[in-house]
Number of protein chains: 2
Amino acid sequence: MGVNPRSGGRRATLREVAAELGVAPSTVSNAYNRPDQLSAALRERVFETARRLGYPGPDPLARGLRRRRAGAVGVLYDTRLSYAFADPAEVLFLQGVSMVTEEEGLGVLLLSGAPGEERDPEVISGAVVDGFILYSMADGDPLVEAALGRRLPIVIVDQPRIGDVQIVGIDDESAARSAAEHVVGLGHRRFGVVTFGLAPGARDGIADLERQAAATYRVSRSRLQGYAAAITDVGVSWADVPVYECAENVPEKGRIATEALLSRDPRPAAILTSSDQLALGVLEAARRSGLSVPRDLSVVGFDDVPEAARATPPLTTVHQPHVEKGLLAGRNLLAQLRNEETTDPTLLPTRLVVRGSTTRPRTHR
Amino acid sequence: MGVNPRSGGRRATLREVAAELGVAPSTVSNAYNRPDQLSAALRERVFETARRLGYPGPDPLARGLRRRRAGAVGVLYDTRLSYAFADPAEVLFLQGVSMVTEEEGLGVLLLSGAPGEERDPEVISGAVVDGFILYSMADGDPLVEAALGRRLPIVIVDQPRIGDVQIVGIDDESAARSAAEHVVGLGHRRFGVVTFGLAPGARDGIADLERQAAATYRVSRSRLQGYAAAITDVGVSWADVPVYECAENVPEKGRIATEALLSRDPRPAAILTSSDQLALGVLEAARRSGLSVPRDLSVVGFDDVPEAARATPPLTTVHQPHVEKGLLAGRNLLAQLRNEETTDPTLLPTRLVVRGSTTRPRTHR
DNA sequence: CTGAAAGCGCTTACAG
DNA sequence: CTGAAAGCGCTTACAG
């Protein structure tokens with residue numbers, strides 16, 4: 001217990017080291033930044049004096065201002081960071097990003113623009129970064145505007161293109177469509193859909209056609225469209241398919257959604273989701289209500305996170321290369337920082353992975 | 001394909017906006033920072049001019065230098081960030097940290113000091129942060145020195161105390177000991193241990209007593225000591241217990257370690273690990289070699305990450321409150337930043353969670 | 001309500 | 001090899 005002991009004394013500055021030693025500030029600066037500009041002996045004396053005075057080396061803020069670079073890239077989410085960390089897909093993405101920043105000696109500054117009362121554009125305007133990666137923000141989000149306004153290099157992930165900004169993503173609609181076609185092909189006709197948020201300030205509950213049409217998260221919108229296309233194709237009216245929206249992309253919410261869907265008449269025999277996180281919750285709901293997956297209920301995830309293969313039963317899902325998405329986003333941003341050529345748009349491949357959570361409907365003959 | 005279009009034109013500065021409008025720079029600054037210092041009308045004109053000139057608002061680097069604050073806290077790992085992200089325990093910790101930084105409008109700057117050729121202290125000296133959280137760094141790591149040298153508020157997690165620095169952690173030794181006592185109590189006498197790295201530049205393979213003694217990661221050292229204490233207590237010589245060190249804390253390495261341990265004579269009937277990540281790999285190795293857990297092999301994890309409960313069979317492990325650890329570290333750092341009182345040391349409670357991966361040895365009578 | 005002045009801590013040509 | 005000068009872009013008392 002006690003007041004922090006380190007916050008006390010002023011730190012010494014470069015100027016003070018120079019004064020103490022009787023040399024010019026530039027000489028001290030050179031000792032740190034350009035060893036070839038002074039004798040080894042003098043350099044050692046500089047360091048020695050710095051040590052004695054408690055000078056911690058050039059202040060990064062001052063150096064950054066002078067050199068016009070922050071040494072970090074910002075990754076912006078519009079959810080709370082704790083939700084982002086809870087989703088393995090996002091963590092894998094971050095892994096990819098960090099592989100490239102690490103190599104470059106850049107830090108990764110995690111920024112949260114969680115929608116809510118105190119959504120402060122300061123998050124963006126105050127971020128000490130050299131560029132931004134925007135991760136699945138909603139169309140028209142003011143924080144995206146703010147980021148664009150900073151006039152720094154930007155890479156946008158899982159969002160529609162804005163002007164000439166670089167983008168990285170997958171073809172969500174056709175990936176979702178292929179997943180739905182798989183289930184349709186098995187003979188299913190009674191569907192339920194569990195989607196993550198459709199727009200900032202997402203709510204929990206059935207989303208009618210109007211709300212679906214108003215979806216501003218591009219990923220949510222595209223996946224629903226893909227599902228709708230495959231289902232409509234086979235003569236089922238999309239208006240009859242209940243779509244349950246979950247405010248957060250966590251298994252718990254998927255479970256609650258499924259409990260609601262299963263209590264409907266007719267009871268869905270196949271549930272399509274927009275993430276494995278949600279699908280894991282669907283599995284849990286089935287377990288709790290004594291339904292066997294896939295015999296009584298087919299379940300389809302999206303993402304193919306490692307947990308999907310380990311689930312009981314293993315999840316049929318859409319695989320997408322999360323780490324690579326992060327790598328590409330990172331590399332693209334880096335290229336921009338260096339004024340190099342960049343490749344864009346980058347649409348990564350996906351594929352349907354059929355595992356044990358889907359089969360033909362029970363009453364199918 | 002093309003050169004980044006955003007990197008072109010110079011950004012306007014506050015000074016230019018002021019000049020364009022014919023007011024003093026301080027007035028423009030006030031428009032952004034102290035709305036009460038000028039009329040609403042003038043303020044609007046300032047913003048309008050800023051928009052017209054493409055002025056993105058005060059530069060965070062310059063503002064930070066002037067105000068003497070960076071607006072971010074640094075979290076330092078000595079592994080590659082991608083390994084950190086791979087371990088749910090570390091992600092949960094980060095979740096906790098980010099909950100408090102988020103509330104404060106601070107960013108989280110992830111810093112990697114992965115041991116290796118080009119281990120650059122610049123990672124520390126160049127980090128634009130207001131304080132550091134050091135996560136399980138090795139004793140005597142030069143980066144720790146460097147961080148201390150910055151003379152910023154610091155919280156150290158899962159490390160021994162250094163001087164008067166604030167610390168957060170658990171009692172690793174007694175937690176490990178209780179886990180080993182559980183297995184010993186079941187009647188086990190033939191053990192194997194799978195540990196994560198003992199020192200920077202960790203290697204894969206059996207670690208003899210000498211190497212164990214030289215361990216500089218406090219967590220690794222303490223957990224081994226706890227295991228040793230319980231095992232020695234029951235008359236088994238610790239020198240006879242093979243300890244396999246894994247360079248990375250990933251299931252894959254745990255599997256490889258276990259394959260090596262299982263090929264030894266006598267074959268271990270119980271394997272103690274220093275993490276669930278590693279224990280998950282032990283399970284996989286057992287599966288591959290046709291051994292049934294727990295019938296043929298008892299397995300103990302450490303951490304109680306969510307995956308532990310979901311594993312087949314569910315892992316017996318030591319629970320520790322990862323999110324709370326992050327919360328406490330974050331809160332302590334924040335308190336220091338505000339020059340408030342801090343509580344230290346903070347040792348969080350742990351508890352042994354007995355699940356399905358441990359039972360009495362097969363030949364026990 | 002507005003502006004002139006000083007300065008946050010450093011780096012970078014440039015001249016010697 | 002060393003140093004004087006200018007300036008990175010801003011904010012903060014302070015005087016009016």
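The sequence lines fix the lettering, A, B, ..., with proteins before strands; numbering per chain opens at 1. Below, each value reflects all heavy atoms present in this structure, side chains not excepted, and no hydrogens, waters or symmetry copies.
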Original post:
Which part of the nucleic acid, if any, lies within reach of B:Arg69 when heavy atoms closer than 4.0 Å are counted: base, sugar-phosphate only, or nothing?
Top reply: nothing
**OP:** Whole angstrom is fine here: how far is it from CG in A:Asp36 over to P in C:dA13?
**Re:** 14 Å
Subject >> Spacing of B:Tyr32 atom OH relative to D:dT12 atom P, expressed in whole Å >> reply: 16 Å
Original post:
For the side chain of B:Leu14, counting heavy atoms from C-beta on, which of C:dT2, D:dC10, D:dT2 is nearest?
Top reply: D:dC10
Original post:
Is the phosphate of C:dG3, meaning OP1 or OP2, less than 4.0 Å from a side-chain N or O of B:Thr27?
Top reply: yes
**OP:** For the residue pair A:Tyr217 and A:Asp139, confirm or rule out a side-chain donor-acceptor distance under 3.5 Å.
**Re:** no
**OP:** May I ask you to verify if any side-chain N or O of A:Arg34 is less than 4.0 angstrom from the OP1 or OP2 atom of C:dT11?
**Re:** no
**OP:** Between D:dG9, D:dT2, D:dC10, spot the one nearest the side chain of B:Pro58, thanks.
**Re:** D:dC10
Original post:
Nearest of C:dT11, D:dC8, C:dA4 to any side-chain atom of A:Arg67?
Top reply: C:dT11
Original post:
If you look at every strand shown and take non-hydrogen atoms under 4.0 Å, does A:Leu61 touch a base, only sugar-phosphate, or nothing?
Top reply: nothing
**OP:** Salt-bridge test for A:Asp59 and B:Arg68: reply yes if a basic N is under 4.0 Å from a carboxylate O, no otherwise.
**Re:** yes
Subject >> Whole-Å gap separating P (C:dG9) and CZ (B:Arg150) >> reply: 13 Å
Subject >> Proximal nucleotide (of D:dG9, C:dC10, D:dT12) relative to the A:Asp59 side chain >> reply: C:dC10
Subject >> Whichever of A:Ala40 and A:Pro25 has its nearest DNA chain D nucleotide further upstream toward 5' >> reply: A:Ala40
**OP:** Calculate the interatomic distance between A:Asn33 atom CG and D:dG3 atom C1'; express it in whole Å.
**Re:** 16 Å
**OP:** Could you check if a side-chain atom of B:Val23 sits within less than 4.5 angstrom of a side-chain atom of B:Val28, using non-hydrogen atoms only?
**Re:** yes
Subject >> B:Gln37 side chain, from C-beta outward: closest of C:dT2, C:dG9, D:dT11 >> reply: C:dT2
Original post:
What is the distance from CG of A:Leu65 to P of C:dT12, rounded to the nearest Å?
Top reply: 12 Å
Original post:
Parallel under 30°, tilted from 30 to 60°, perpendicular over 60°: which one fits the rings of A:Phe93 and A:Tyr135?
Top reply: tilted
Original post:
With the threshold set at 4.0 Å, does a side-chain nitrogen-carboxylate oxygen contact exist between B:Glu122 and A:Arg63?
Top reply: yes
**OP:** Mind calculating the distance between CD (B:Glu16) and C1' (D:dG7) to the nearest angstrom?
**Re:** 14 Å
**OP:** For A:Ser26, report the nucleic acid contact type (base, sugar-phosphate, nothing); a contact means any heavy atom under 4.0 Å.
**Re:** base
Original post:
How about B:Leu94 and B:Ser98: do any of their side-chain heavy atoms sit closer than 4.5 Å?
Top reply: no
**OP:** Can you tell me the pairing partner of C:dA13 across any strand shown, Watson-Crick or G-U wobble, with both distances under 3.5 angstrom?
**Re:** none
Original post:
Looking across every strand, which nucleic acid part, if any, lies under 4.0 Å from A:Tyr55 by heavy atom: base, sugar-phosphate, or nothing?
Top reply: sugar-phosphate
**OP:** Tell me which of A:Arg66 and B:Arg68 sits closer to the 5' end of DNA chain C, going by the nucleotide each one is nearest to.
**Re:** B:Arg68
**OP:** With the side chain of B:Thr13 defined as its heavy atoms from C-beta on, choose the nearest nucleotide among D:dT12, C:dG9, D:dC10.
**Re:** D:dC10
Subject >> Complementary nucleotide for D:dA4 - Watson-Crick or wobble, under 3.5 Å >> reply: none
Original post:
What's the closest nucleotide to the A:Val23 side chain, out of D:dT12, C:dC10, D:dG3?
Top reply: D:dG3
Original post:
Expressed in angstrom and rounded to an integer, what is the separation of B:Asn30 atom CG from D:dT12 atom C1'?
Top reply: 9 Å
**OP:** Classify the nucleic acid contact of B:Leu38 as base, sugar-phosphate or nothing, counting any heavy atom under 4.0 Å across all strands shown.
**Re:** sugar-phosphate
Original post:
Should A:Arg15 be listed as having a side-chain N or O under 4.0 Å from OP1 or OP2 of C:dG9?
Top reply: no
